[in-house]
Amino acid sequence: MVEASSDTAPTPSQSKSLLKRLAGPSSAKAGLTNDQSDINRIIAEASKGSKYYENEKKKDKELTERIKRLLQTQNTAMKEADLAQVESTVSHVLIELESLRDTSQIIVHIDADAFFANCELLYNPDLKGKPFGVGKGVLTTASYEARKFGVRSGMAAFIAKKLCPELILLSIHPQRYSDMSKKVMAILARYDPDMLVASCDEAYLNITEYCEQHNVTAEECVSEMRRIVQEETKLTVSAGIAPNRMLAKICSDKNKPNGQFHLPFNSQAIKDFMVDLPVRKVPGIGRVLERMLESIGVTTCGDIFTHRVSIALLDKEFGLRFMLQTYMGIASNVVRPYSREERKSIGAERTFHPLADKDKILQKLEEVAEELENDMTETGWAGRTVTLKYKLDDYQVFTRAKSFERWITKKVDLFATGKELLLPELPLKIRLIGLRVTKLKDLKLSTDSGIKRYFSGPTEQTSPRKKRKISSENNQDVDYNWQDCILLDGDEEDCKTLEDELLSLTKPASPRASAAPEGAVPTHESKPVSAKAAGKKRSIESQISCPLCGKELNTNDNQKVNAHIDFCLSREAIQEADGQLPDAKAKSKSQANAWSWFLDPKTKPRSKGK
DNA sequence: GCGGATCAC
DNA sequence: TATGGTGATCCGC
């Protein structure tokens, strides 16, 4: 049934997710204000009837249908699968993951507070205490005063004005932010010359060595770091201290703004931390995955364990391994500078007032092609595949691509290819045109860049000439990737389906330590051996004890570990059947309890009403 | 290799 | 009065 033009009174069930969707991605990730639903209502009110709104409604509906199919899949799978077997497999994976846990490195995530807004404050101190936003059509940042009204980054300016009529709107000054970013990063680099600059306002550091050498605790080190940043730049930053990047990032949000949070480095504390954490806080879990997880009863990371069988059965949709890692708070602890080789694409795109005229559209395309050529020339890239992107009047997005044998660098080629891809699609009413080049070749490779990079250090971004554009509060550079960090063997294959999980258990456990510079395995061992790394103890616990009988197991011999665990599992099952175990309920239940000493921190998943 | 979708910032 | 830009990844085909 199609709901009759819900413009007046949307169906409650569907409008809930739609209202949230309209509020934008950042409203959910950041801390909520008192009455988010009121704010969401105002936003929806202001959006109503627009093409943007209609498109969001359509996407929301499609997601609802997708979830419906998902639940059907789950239903049939639950009937047909051997649930005990699935659960056992999950248990194996959990054991294996626990054995890979590495808490030997102190990772810090630094996140500047309302970066663009606070930069503007330096240039215009009168704004202090006032609600303001940075950006023209769409806000890149909102001051903390503005946030109290529900104003968020990514929000359309006219909507923000509705939420906060007093709101002051500033235009963006990329140069200012770039300069400040460099200052901040230069300070941070004193604590880890190999730090990862994740964006213009975020960085990851490994301060293990610094703390050892200067005989300070992590907390002291980070306090000092933050104090010096504030002294030297007048900007405040927040920090998270944890044994891996995912946790550090989540922690940096905990005491924002101008605060830090230190997560204890033991397995149990980490699991206690994760159990009540909303899945949406986890990097990589966005609005869609959040809703899909919610549909199977998972809203916190603790719920992942409760619903692990469902997640395993829906591995394709959720990624079992990623979910289990998340539940356990396991992720990569590798921190190293961004390198040019890692770049995969370069592109440019522009939004404009919707155009239907062919020549005017082509003119936009040409402008984009020119921009892209300039960027490619300055940064030294060529590529073999050109992808055209266009967004229609109604916000639908399409891409069309073409590959070549030769290297593309010039505007004429970019334009001609874009034109060739676009013309067959016309006539259309278009509001955005973009071009992107992939299959890159590094034109700066065998030049002097190697030496330059050696001397310039991690804060030096790309071209020394012209700064790269900063299009929003956040910027270029890669980051995330927690997933492929803990894979058992990184070679090509996914290692994601259940079958693969089972297979992987029989493969050698050693994660191909020093081999293969392909980079796909950023576990701690793959870090290039530097003077720094050499001093560190790589204390991956190669010993764990069996959760059932307590026997010490050597995790380097996976086959033996599995044989032993299988043995204990079956023994447990037999005892249970004989009623020898005190808590002999359903087999699955008992098995869960058997692992609970390290898996199930609080047996009650969702009871805590904080 | 291509196109759609999702995600981060 | 009318919702951004850059880059990455994954899936299905």
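Just so you know, these numbers use all the heavy atoms, side chains as well, and skip hydrogens, waters and symmetry mates. First the proteins, then the strands, lettered A, B, ... as listed; each starts at 1. Bear in mind that the values here come from a model prediction, so they are computed numbers and not experimental data.
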Determine whether a donor-acceptor pair (one donor, one acceptor, N or O, separation below 3.5 Å) exists between the side chain of S47(A) and the base of dT3(C).
yes
Taking OP1 and OP2 of dT6(C), is either one under 4.0 Å from a side-chain nitrogen or oxygen of R343(A)?
no
Between R431(A) and dA2(C), does any side-chain N or O lie under 4.0 Å from OP1 or OP2?
no
Does OP1 or OP2 of dG3(B) have a side-chain N or O of T387(A) closer than 4.0 Å?
no
Ignoring backbone atoms, establish whether R436(A) has a side-chain N or O less than 4.0 Å from OP1 or OP2 of dG5(C).
no
Using a cut-off of strictly less than 4.0 Å, decide whether Y53(A) has a side-chain nitrogen or oxygen near OP1 or OP2 of dA2(C).
no
Categorize R291(A) for me: base, sugar-phosphate, or nothing, with a 4.0 angstrom heavy-atom threshold over every strand shown.
nothing
Which pairs would a plain distance check flag for residues 417-426 of chain A, meaning a side-chain donor or acceptor within less than 3.5 Å of a matching protein atom at least two apart in sequence or in another chain?
from: T417(A); atom 1: OG1; to: D413(A); atom 2: O; distance (Å): 2.6
from: E420(A); atom 1: OE1; to: K402(A); atom 2: NZ; distance (Å): 3.2
from: E420(A); atom 1: OE2; to: K402(A); atom 2: NZ; distance (Å): 2.9
from: E425(A); atom 1: OE1; to: Y390(A); atom 2: OH; distance (Å): 2.9
from: E425(A); atom 1: OE2; to: R400(A); atom 2: NE; distance (Å): 2.8

Below 4.0 angstrom from OP1 or OP2 of dA8(C), is there any side-chain N or O of S345(A)?
yes
Is the phosphate of dG5(C), meaning OP1 or OP2, less than 4.0 Å from a side-chain N or O of R350(A)?
yes
Distance below 4.0 Å between K161(A) side-chain N/O and dT3(C) OP1 or OP2:
no
Could you tell me whether the phosphate oxygens of dA5(B), OP1 or OP2, come under 4.0 Å of any side-chain nitrogen or oxygen in R66(A)?
no
Measure the distance from NZ on K249(A) to P on dC7(B) and round it to the nearest whole Å.
15 Å
Interatomic distance where CZ belongs to R340(A) and P belongs to dA8(C) [whole Å]
12 Å
